[in-house]
Structure formats: structure tokens, C-alpha cells
Amino acid sequence: MRSRSGIGVAILLAWLVGYPLMLTLLESLGISSGWTLEHFAEFARRPDEWSALWRSVWLSAASVVLAALIGVPLAFVFERTDFPGRGVLGALVALPVALPPLVGVIAFLFLYGESGFVSRAVQGLLGLSEPPWRLQGPAAILLVHAYSMYVYFYLFVRAGLARLDTSMQEAAAILGAGPIRTLFHVTLPLLRPALTGAALLAFMTSLASFSAPYIFGGGFRVMTTQIVFSKLNGEVEMAQVETVVLALVALAGLWGLVRMDRGRIEVIGGVRGVAPSRKVLRGRLARSTAIATGWGLAFLLLLPHLTLVLISFVPRATWTVELLPPVLDTTNYQELFAQPERFRPIFNSLWMAAAATVGALALGLAAARSSIRAGGRLGAFLEALVAVPWAVPGTVFAIALATAFAVNAPAVGRFVLVGTPWILPLAYLVRSLPVTGRGALAGLRQFDRSLEEAAASLGAGRWRTLWRVTIPLLKPALAAAASLAFITALGDFVTSIVLYTFDTRPISIEILSSLRLQDTGVAAVYGVLLMLISAVAFLLWGRERSA
Amino acid sequence: MPFLELSGVAKSFGDHTVLERISLSVEKGETLALLGPSGSGKTTLLRVIAGFESADEGRIEVAGTDVTGLPPARRRFGMVFQHYALFPHLSVGENVAFGLEGTEGVSDRVAEALDLVDLSGFEGRRIHQISGGQQQRVALARALAPGPRLLLLDEPLSNLDRTLRERTRREIGGLLDRVGITAVWVTHEQEEAFDVGDRVAVLSQGRLEQLGTPEQLYLEPATRFVAGFVGRASVIAGSWRGDGRVALSTAASDEITWHGMAAEELEDGDRVELVFRPEALDLAPPGAEGSLPVRVVERRYAGSQTFFAVESAAGDRFEVIAATAAARAGDAAAVLPRQGAAPRVFRAPRD
């Protein structure tokens with residue numbers, strides 16, 4: 001009976017996760033119009049496809065390097081030294097990761113874009129007739145990537161450093177190694193799992209990144225934007241081929257990085273000895289430098305958020321050539337709440353994200369339970385299926401879902417969902433599965449099975465056990481996963497742009513159209529609301545983990 | 001008619017046989033201790049009785065009705081888990097009330113159950129606020145509160161420290177007698193099994209080796225495994241001469257013959273082992289008639305008794321309990337069975 005429900009869950013997951021990807025592969029090979037490699041040959045013939053592919057790869061590699069260069073030193077500073085405000089600043093430094101990608105991108109646009117604050121300031125200061133730079137091309141994309149992805153390195157390395165056994169460093173010191181040698185021969189090698197973990201996350205996120213290349217790329221196309229433009233141009237087969245190629249690159253990247261990490265050193269888990277002590281900065285100069293740098297940094301990191309808030313109070317067409325906006329009022333907010341059509345995207349995003357979160361939670365929990373119960377191959381298969389949407393870029397999944405669910409063939413499990421209100425929640429659900437599934441897995445692995453048995457021995461049936469024992473105990477893990485899933489779905493842009501319909505347009509799509517209409521204030525209002533709702537969701541549920 | 005009856009219960013995980021057709025019965029009000037080393041299948045047997053594992057073969061009957069296919073929730077058994085499995089998100093009172101939902105007078109029955117384990121007034125406490133010993137008693141109260149037909153205990157004392165364990169053992173044993181409940185108690189400690197069990201079932205590698213009272217197990221072990229696992233065994237090699245006689249293996253030319261009871265079918269000339277309890281042997285001066293010459297290897301003073309580790313010329317090394325002054329380490333001595341000693345004789349394992 002148990003394995004039967006496990007197989008049921010496996011089939012459902014395979015249909016949602018594996019099937020669309022497989023169909024995309026088959027379609028790109030011409031399953032419906034006769035088998036052919038012609039589409040792939042066409043891909044290979046076009047130089048712009050090759051350059052998009054190459055750009056995706058090098059941009060991702062460069063993003064990893066930049067993110068590491070910012071994140072690793074920051075982690076060392078916050079973990080190894082002590083200075084006033086360390087606690088607050090340490091939390092602020094992790095903030096960029098909470099900003100939905102598209103919101104981050106437009107905040108950068110308002111800051112460093114041609115008519116952004118910083119650009120205007122520099123232009124005015126130097127008396128230039130033109131903006132000092134154009135926020136475009138690879139440099140702009142890298143800037144955004146570095147800003148949002150250093151957080152991975154920062155968090156991972158801080159965690160790694162906190163678990164590091166000081167006695168290792170003391171041993172190195174007693175053997176005569178100086179600080180530099182200790183750093184390169186002891187500390188960094190021991191941090192390798194943290195570093196590869198962060199690198200993997202940054203690489204995969206960059207590869208899948210869409211908002212920054214879409215807004216700043218212009219003619220500089222990477223794979224994700226190339227796919228969407230092919231789709232918009234009606235080149236469906238080309239979009240499918242590009243999708244397959246990007247999926248393969250992502251899987252190859254994943255495989256390579258996991259392989260690199262195979263010889264990883266396990267000692268880091270052995271928490272013994274004393275946690276490394278923090279060096280307290282004593283000298284007055286050192287202290288004031290640290291404080292100034294710290295708060296300067298915090299200001300720099302918060303600048304995008306602050307900019308967004310400020311712009312949201314600038315009414316349309318009131319800010320032209322001035323250094324600072326001359327008029328600030330709440331017109332934009334009033335319009336939003338007065339006009340139902342303007343409020344619609346917020347309502348859409350909220351219900352779709354909520355529905356997707358509930359679905360992803362239920363399916364993730366079912367998959368995790370079945371995976372643990374079934375064990376063996378079925379268990380591993382379920383675990384892998386749940387993780388697939390994480391390894392595969394959002395654009396790939398969007399195209400795969402668009403391919404699978406644009407055809408009505410119930411006999412082979414295909415229905416027309418594209419163009420209906422159901423496709424976006426479904427897409428969000430699938431994309432959230434890794435978060436909820438892994439959260440549930442982690443929770444269940446720590447969960448003592450005998451608690452369920454105790455409930456059964458006391459006469460509780462399956463549902464009562466689930467409601468009264470299993471779910472309450474998994475609540476912290478599930479709540480954290482739910483908040484992450486909800487936030488991701490709420491701010492989603494990548495899958496939305498491929499699958500949205502006018503009636504179900506989410507906030508991100510509305511931000512984009514407001515920008516097109518030069519309605520920067522309205523776009524900022526949407527951004528601010530997205531930020532606020534995300535923050536509330538994070539504080540409401542994300543915190544339970546620590547409780 | 002027995003209250004709980006297992007007939008031919010077998011279970012394997014893949015190729016690995018965990019239980020080999022086990023049949024046993026427990027009388028109403030009796031406590032049966034399931035004793036065995038780790039991996040003997042005792043916990044699996046308990047889980048099969050509880051319904052958490054299903055038996056591949058065999059039947060389980062309670063009070064004359066078949067419960068083999070019944071889910072655990074409908075067997076009306078109580079269980080005390082090894083790590084207690086108390087619900088950490090519920091209070092002590094809510095834990096005890098868990099099995100009482102849908103019945104009348106819940107709070108009275110919770111108070112009653114807590115009173116039974118001397119934890120009156122603990123209803124509002126959180127699980128992590130009470131000590132390990134108290135958690136153990138809450139687990140017991142929770143299991144007993146719904147008035148189960150049968151109580152199953154899975155190594156209930158293994159999480160307590162040694163001094164607390166002995167006291168708790170007595171308390172629970174007394175409580176089970178007072179309540180008059182039928183119980184199956186899994187343990188790997190012989191002392192615990194003897195203390196709490198009216199009868200003890202010894203398991204080894206999925207087989208039921210022997211089922212009997214503690215006295216039967218100690219004095220008349222049915223198998224060589226039981227002889228070695230239950231209590232201390234002093235083993236002397238020899239060969240079977242028929243009629244309860246065993247010729248000991250010695251270096252001397254004269255044959256030394258002792259008496260023992262065959263625990264299994266033996267034929268003349270079989271290589272056998274004579275299994276004594278250390279207190280059934282005594283030290284004698286070297287050369288005493290019918291004695292086995294040995295060398296004293298070690299003397300271990302344990303207060304009420306003194307153990308002598310001795311070694312015969314044939315290389316058998318075993319223990320004897322004798323007067324403290326009987327010998328010193330290094331002395332040559334001899335060993336004789338005490339009056340009334342009834343050692344068991346088993347066929348020597350082939351190696």
C-alpha cells in the first residue's frame with residue numbers, strides 16, 4: 001500500500017516535471033512532423049546562437065568570480081572581527097538575496113541608469129552634456145549579478161567559518177605557519193565545501209538569470225533571452241532547440257561542479273574544540289574606520305531599496321532634468337488602489353503565488369514522505385525529480401510547459417492549459433517544488449518515525465496522525481519552505497513572461513509594461529509592494545525556523 | 001486459554017531472515033520478557049505484535065481473536081517506545097490525553113494516569129521541561145491511559161542512567177502487577193529480564209532459543225546459547241561417555257570423569273562441553289580425588305564473592321567462586337564440582 005502511493009506520487013511528479021522536458025526534447029527532434037536533426041543543424045549554423053551560448057557560460061563564470069571576490073572577504077570580516085553594529089550589519093549584508101530579481105534590476109536602473117540618481121549626480125558634478133555611462137551590456141549584467149549573488153558566498157562561508165575548528169589553525173600556527181600560509185593551506189581548503197556550494201548556486205543562478213540580461217542586454221543576448229525572443233518571434237522549434245541546449249549546459253555545469261566537490265573534506269562537520277574567537281578591534285582609528293566602512297557598505301547595499309521607495313513617490317512626468325525629483329507625493333499609490341485594472345496584477349500575483357505554494361507544499365511533502373518510506377531506487381528517483389526544477393533554468397521550464405500543455409491529448413496526459421489561468425500557478429508550483437520538497441525532506445529526516453507509531457498505538461488513524469503529529473512537528477521546516485516558495489512565485493518574471501495571459505498578468509509583467517510606458521513611478525510602486533509583501537511573508541513564516 | 005498467542009510468526013527483510021517461525025503464548029496478567037542480544041530480532045518481534053511490521057507468515061491472536069491483519073491503531077495495545085516518542089509540541093497532559101480523544105471525562109482519566117506514575121499535577125508541563133526519568137513515566141502513563149489490552153515495552157529503561165534504571169525497573173514492575181495488565185517487555189539485559197519477567201523468552205538470530213521462568217533459564221538452559229547468554233558460564237571441554245558421564249580433556253594419562261545432564265541427543269565419544277555456573281565449582285588442593293588440575297590465572301575480589309579465573313592443562317579457561325583465601329594468582333590448584341551441581345552437557349561447536 002505504501003509503495004503504491006509512492007508510485008502514484010512518482011507518476012504525478014514525472015508528469016509535471018519530467019514529461020514536459022522530455023516532450024520539448026522530442027519536439028525539437030520533430031516528433032510531430034517527422035524525425036529530424038534539422039532544427040539542431042539550423043542552431044549550429046547560426047553564429048548568434050553560438051555567441052549567446054558562449055556569453056551565457058562566460059557571464060556565469062565571471063559572475064561566480066565577482067560574487068566570490070565580494071562575498072568571501074565580507075564573510076571573513078563579519079565572522080572574524082568584532083566591531084560595533086556587527087550584528088545589524090551582518091543581517092543587512094544578506095538583504096540583496098531577498099529582493100525579487102526584476103525589482104533589483106529596475107532599482108539598479110533607477111540608480112545607475114542613464115537618468116538614474118548616481119548618473120545624474122556624476123553628470124551634474126562633472127558638468128557633462130551626456131550621461132557618464134550607459135548601463136548596458138555585459139558589464140551592467142555582471143554588476144547586478146555580483147550585487148545579488150555575493151550573498152551566497154557570504155552566507156556559506158560565514159557558516160563554514162563558524163563551524164571551523166580553531167585547533168586546526170592553532171596547530172598550523174604552532175607548526176610555524178604564518179597567517180597567509182594558514183589561510184591558503186588550512187582555512188581555505190577546509191572551506192572548500194562551502195565555496196563549491198556557493199559557486200554552484202551562483203553559477204546555476206547566473207545561467208538561469210533572465211531579468212538582468214532582458215532589461216540591460218539590448219543586443220547582447222544570452223541563452224535565456226535568446227529563447228524568449230525566438231518564442232516571441234514565432235520560431236517555436238528554434239526556441240525548443242535552444243531550450244534543450246540550455247538545459248544540457250545547466251546539467252553539465254551541475255555535474256561538473258558536483259564532481260569537483262567529490263573529494264571534499266568531511267572534517268568540517270566534526271565540531272569539536274572551541275569556536276574561533278573574534279578579533280575585537282580596539283584602536284580608535286581601527287574602530288572608527290570599521291564603523292564608517294560598515295555603515296557605508298550598508299548604505300550602498302540599501303541604496304537600491306531606498307531608490308525604489310523614493311521613485312515610487314515621484315508622480316508621472318514631474319522629474320525631467322533636475323538632480324533630485326522636485327515633486328514627491330502619493331499619487332502613484334492612490335492611482336493603484338483607485339483603479340481596479342491597476343490593482344489586478346497584485347491580486348493575480350497573490351492568488352497565483354498562494355495557490356502554487358499550497359500545491360507545492362502538499363506535493364513536496366507527499367514526495368518527501370514517499371521518498372523516505374520507499375527508499376531504494378524509487379526513493380532516489382523521487383528525490384531527483386523534486387530537485388530537477390532547481391537544476392533547470394526557469395526559462396527552460398517555461399518553454400517545456402508551454403510545449404507540453406498547448407496540445408489537447410488527454411490520452412497521453414496533455415491538456416490545453418496555456419492561455420488559461422491555470423498555467424502560471426502550475427508553473428510556479430513546479431518551480432517551487434525543490435524548495436518545498438527539500439524542506440520537507442530535511443524535516444522528515446530529522447523526524448522520529450516512532451512518533452507516528454506512538455500516535456497509531458494510541459488509536460489515531462492516518463489523517464489524525466498527519467494533522468496532529470506530523471504536520472505540527474514539520475511546521476518550522478515547512479513554513480520556511482513555504483515563505484521562500486511564496487516569495488519566489490510572487491516575484492517571478494522568467495516563467496511569467498513566457499506563459500502569462502493579459503487577464504492573469506502578474507506584478508512583474510505589469511512592472512515591465514509600466515516601464516515601457518515611461519511610468520517609472522508606477523513601476524516603482526509595484527516594486528515596493530512586491531518588496532513589502534515578500535518581507536512580510538519572510539518575517540511571518542521564515543522566522544519560525546529559529547523558534 | 002492464553003491471552004496472547006503467536007503461531008509460526010516469520011519475517012524477513014529481503015534475503016535476511018529476521019524471525020524464524022516463532023510461536024509463543026502469554027497468559028493474562030503475565031509479563032513476558034523478550035531477551036536477546038542486538039540483532040536477535042526481539043524488537044522486530046515486538047513491532048510485529050504491535051502491527052508496525054507485518055509478519056510474512058503466521059498468526060497473532062489476542063483473547064482468541066485474530067489480529068494479524070489489524071492496523072496498529074485498532075489493536076488497542078499500549079506501547080512504551082525506546083526513546084519514549086513523546087510529542088514534543090504537546091504538553092504532558094495533552095500527550096496523555098492523545099489516546100483518550102472522543103471519550104468522556106478525559107481530564108479525570110489523564111489525572112488518574114499521571115497519579116499512577118506519581119506525576120500528579122504535571123499536566124501543564126512541556127516535555128523538554130521534565131527529566132528523562134519523568135519522561136519515561138509520562139510515556140508509561142500515556143500508554144496506559146486508554147486502558148490497553150496489552151502493553152508493549154521496547155527497552156524502556158535504556159535511556160536512563162544505571163542507578164535510576166534499577167529503581168525504575170522495580171517501580172514499573174510493581175505498577176504492571178498492580179494494574180494487572182498483560183505485558184511484553186523487550187530488553188537486552190539479562191538482569192532486567194529476570195527482574196521484570198514472569199517468564200523470559202530468549203531470542204538469538206531470529207530463533208526462539210528457550211521460553212521459561214528465570215530459574216529454568218538459569219539452571220536448565222536448553223541450548224548452549226542460552227547457557228552462555230544467561231548468567232556466567234564456566235565451560236570445560238570433554239567427551240561423552242554415556243550415562244551422564246563426561247571424560248574431561250586433560251594432559252594426564254588418567255581419565256577424569258565428571259557427571260552432567262545431556263541437554264541434547266549425544267552419542268558415545270561425542271566431543272562435548274560441560275557448562276557449570278561458577279558457583280557450582282569449587283577450588284580444591286592439588287591432587288584431590290577426581291579433581292581437575294588447574295593453574296590460577298587471576299583472583300578477582302568482588303565483595304560478597306571472590307572469582308578465580310583458572311586454566312586447565314587442556315587450555316580451558318573458566319571461572320570458579322571460592323573462599324577468598326583459597327588460592328592466589330599463579331598457584332597450582334584443582335577444581336571440583338560442588339555437592340548437587342547439575343551441569344548441562346552440550347555438543348561442542350564444530351570449528
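This one's a predicted model, so the numbers in the text were calculated from it and none came from an experiment. Every chain is numbered from 1 and lettered A, B, ... according to where its sequence line falls, protein lines coming before strand lines.
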Side chains of [X] and [Y]: closer than 4.5 Å at any heavy-atom pair?
{"X": "B:Arg47", "Y": "A:Glu453", "result": "yes"}
{"X": "A:Leu451", "Y": "B:Pro88", "result": "yes"}
{"X": "A:Arg468", "Y": "B:Phe98", "result": "yes"}

Using a cut-off of under 4.5 Å for heavy-atom pairs, which of B:Met79, B:Arg142, B:His89 has the most such pairs with chain A?
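Looking at each of B:Met79, B:Arg142, B:His89 in turn, B:His89 comes out on top.
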Give a yes or no on this: more than 12 heavy atoms of other residues, nucleotides or ligands lie within 6.0 Å of atom [atom1] of [X].
{"X": "B:Gln205", "atom1": "CD", "value": "no"}
{"X": "B:Arg74", "atom1": "CZ", "value": "no"}
{"X": "A:Trp15", "atom1": "CH2", "value": "yes"}

Separation of B:Glu101 CD from A:Arg464 CZ (nearest 0.5 Å):
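The CZ atom of A:Arg464 sits 4.0 Å away from the CD atom of B:Glu101.
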Rounded to the nearest 0.5 Å, what's the gap from CG on B:Leu86 to CG on A:Asp448? Could you check?
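So the CG of B:Leu86 and the CG of A:Asp448 are separated by 10.5 Å.
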Quick check: closest heavy atoms across B:Phe81 and A:Ser450, and the distance to 0.1 Å?
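The answer is CD2-CB, 3.7 Å.
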